[in-house]
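Everything on this sheet refers to the single structure shown next.
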Number of protein chains: 2
Amino acid sequence: MRDEAARPGQRADAHRNRERILEAAAEVVGEDGTQASLRDVARKAGVGLGTLYRHFPTRDALLETLLRTGFDQLTDEAGRLLDADLPRDRALADWLSAFTERAGTFQGLPASLMATLGDPESALHASCLAMREAGGRLLRAAQETGRIRPDVDGTDLFALANALSWIADQAPSIAARRDRLLALLMDGLAHPDAGRA
Amino acid sequence: MRDEAARPGQRADAHRNRERILEAAAEVVGEDGTQASLRDVARKAGVGLGTLYRHFPTRDALLETLLRTGFDQLTDEAGRLLDADLPRDRALADWLSAFTERAGTFQGLPASLMATLGDPESALHASCLAMREAGGRLLRAAQETGRIRPDVDGTDLFALANALSWIADQAPSIAARRDRLLALLMDGLAHPDAGRA
DNA sequence: ACCTGAACACCGTTCAAGT
DNA sequence: ACCTGAACACCGTTCAAGT
């Protein structure tokens, strides 16, 4: 599915190894989370440990390739919601729901996202920042309607969204309450003076 | 300060080692968080690794001794606030503030607290549950005044409090916004029909 | 070019040997 | 009764040796 075309000048075996590593990583990270053993990934890929490091010099580089498609979709989704014929606060709530759902796909992902935001050297930094900015634009649009409190910014929003994703991942009993906690968060974001049903 | 009295029948050197381990643990966990290396703790305590395990058979057993005093204070504080001459939602907000402050003392503590809640075998389980119940009682009292929404329970509250503590720990820039995010959380907890200033 | 796996410096946990 | 540290099975990361 991903990166099917070989890179120009890349040897066929190298390209195949790269694909194998990514497939194995999807499995292992899916089971053990973003802190999964890289040795396990190499083993499952049937590849030497050095080969894994050659293709992905850091853990974040591997995660970035694994996650970029999903991140880009979320960034695009924010743009679509911004242009959609939808109440602005509704659009914001929809995006937060999509974000927390995706951030919950891998255990440990919210922590990785927050860590990466503070580390410009991380391979995940750029796409993570793009997501925060996209969410920030949705937030500001909603604030302009007066239905969302003006004293929060994109950093707050991204932090809260990750906090919600994190807590849902800590216990199944909490995961079942995710939507309700998200609604509670939206109420907290609502402007004090805005009328509520 | 802690456990100064020797236990009956305990050898003097054993008691001294236990104290040394706890002092070292306070330092090391303070620096590296709840996932700190136990080897580091033993080294700093000037004690063999087996001695550490003899006194504290699990990581949670060590953390429990390190944290119990603080946990008990929070549980007691909830009782005091329940009896205080204070608006119920004010009392709840005060307790949440105290909780998040303490949960932020050690990096990784919110995750340990949530994990421990789902593991009855953990040495931290009982005192953690007691804290959640104490917070739950404060919550119900506030709900009875009609100023706090009725569709949340102690589990929600504890989860949200830990989520807030967690996110504040992920970046210094977020830690600086903790009080504002707590206020936002309180707004989310407020009853939709309750008048707000 | 690329791959491999040994090597190094760490973990957590257990347990035989000491006092 | 208690303490010690070697032993075992793991990590992440690097790099000499191979093809």
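In what follows, every heavy atom counts, from backbone to side chain, and hydrogens, waters and symmetry copies are set aside. Quick caveat, the model's predicted, so the values are computed rather than measured. Residue numbers start from 1 in every chain, and the chains themselves are labelled A, B, ... in the order their sequence lines are given, proteins ahead of strands.
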Handout entry: From C:dT13, C:dC3, D:dG12, nucleotide with atom closest to A:A14 side chain
Key = C:dC3
Practice task
Quickly work out the A:D40 CG to D:dA9 P distance and round it to whole Å.
Solution key: 16 Å
Practice task
Answer with base, sugar-phosphate or nothing: what part of the nucleic acid does B:L38 contact at a heavy-atom distance below 4.0 Å?
Solution key: sugar-phosphate
Problem - Side-chain N or O of A:H55 closer than 4.0 Å to phosphate OP1/OP2 of C:dC3 - result: yes
Problem - Identity of whatever pairs with D:dT14 - Watson-Crick or G-U, under 3.5 angstrom - result: C:dA6
Practice task
May I ask you to decide if B:A36's main-chain N or O and B:R59's side chain share a donor-acceptor pair within less than 3.5 Å?
Solution key: yes
Handout entry: N/O (side chain, A:S37) to phosphate O (OP1/OP2, D:dG12) under 4.0 Å
Key = yes
Exercise for the section: Could you tell me the separation between the CG atom of B:L160 and the OG1 atom of B:T100, rounded to the nearest 0.5 Å? Expected result: 12.0 Å
Exercise for the section: Would you indicate, yes or no, if D:dC10 has its OP1 or OP2 atom less than 4.0 angstrom from a side-chain nitrogen or oxygen of A:R39? Expected result: no
Exercise for the section: To the nearest 0.5 angstrom, please state how far the CD1 atom of B:I174 sits from the CG atom of A:D156. Expected result: 6.5 Å
Exercise for the section: Under 4.0 Å between any heavy atoms, over every strand shown, what does B:R54 touch: base, sugar-phosphate, or nothing? Just pick one. Expected result: base
Handout entry: Between C1' of D:dT4 and CG of B:D13, the distance in whole Å
Key = 13 Å
Practice task
Please work out if A:A12 contacts a base, only the sugar-phosphate, or nothing of the nucleic acid, heavy-atom cut-off 4.0 Å.
Solution key: nothing
Problem - Nucleotide D:dC11, atom C1' - distance to CG of A:D32 in whole Å - result: 13 Å
Exercise for the section: Measure the distance from OH on A:Y53 to P on D:dT13 and round it to the nearest whole Å. Expected result: 4 Å
Practice task
Please figure out whether A:L52 or B:A36 has its closest DNA chain C nucleotide nearer the 5' end.
Solution key: A:L52
Problem - Proximal nucleotide (of C:dT13, C:dG12, D:dT4) relative to the B:V47 side chain - result: D:dT4
Handout entry: Residue of the set B:L181, B:D187, B:L182 for which side-chain contact (heavy atoms from CB on, under 4.5 Å) holds with B:L185
Key = B:L182
Problem - The single option from A:V41, A:T65, A:L38 passing side-chain contact (heavy atoms from CB on, under 4.5 Å) against A:I21 - result: A:V41
Exercise for the section: Check whether any side-chain nitrogen or oxygen of B:N17 sits under 4.0 Å from OP1 or OP2 of D:dC3, and answer yes or no. Expected result: yes
Handout entry: Phosphate-side-chain proximity, B:R43 and C:dC11, N/O vs OP1/OP2 below 4.0 Å
Key = yes
Exercise for the section: Would you indicate, yes or no, if C:dA1 has its OP1 or OP2 atom less than 4.0 angstrom from a side-chain nitrogen or oxygen of A:R11? Expected result: no
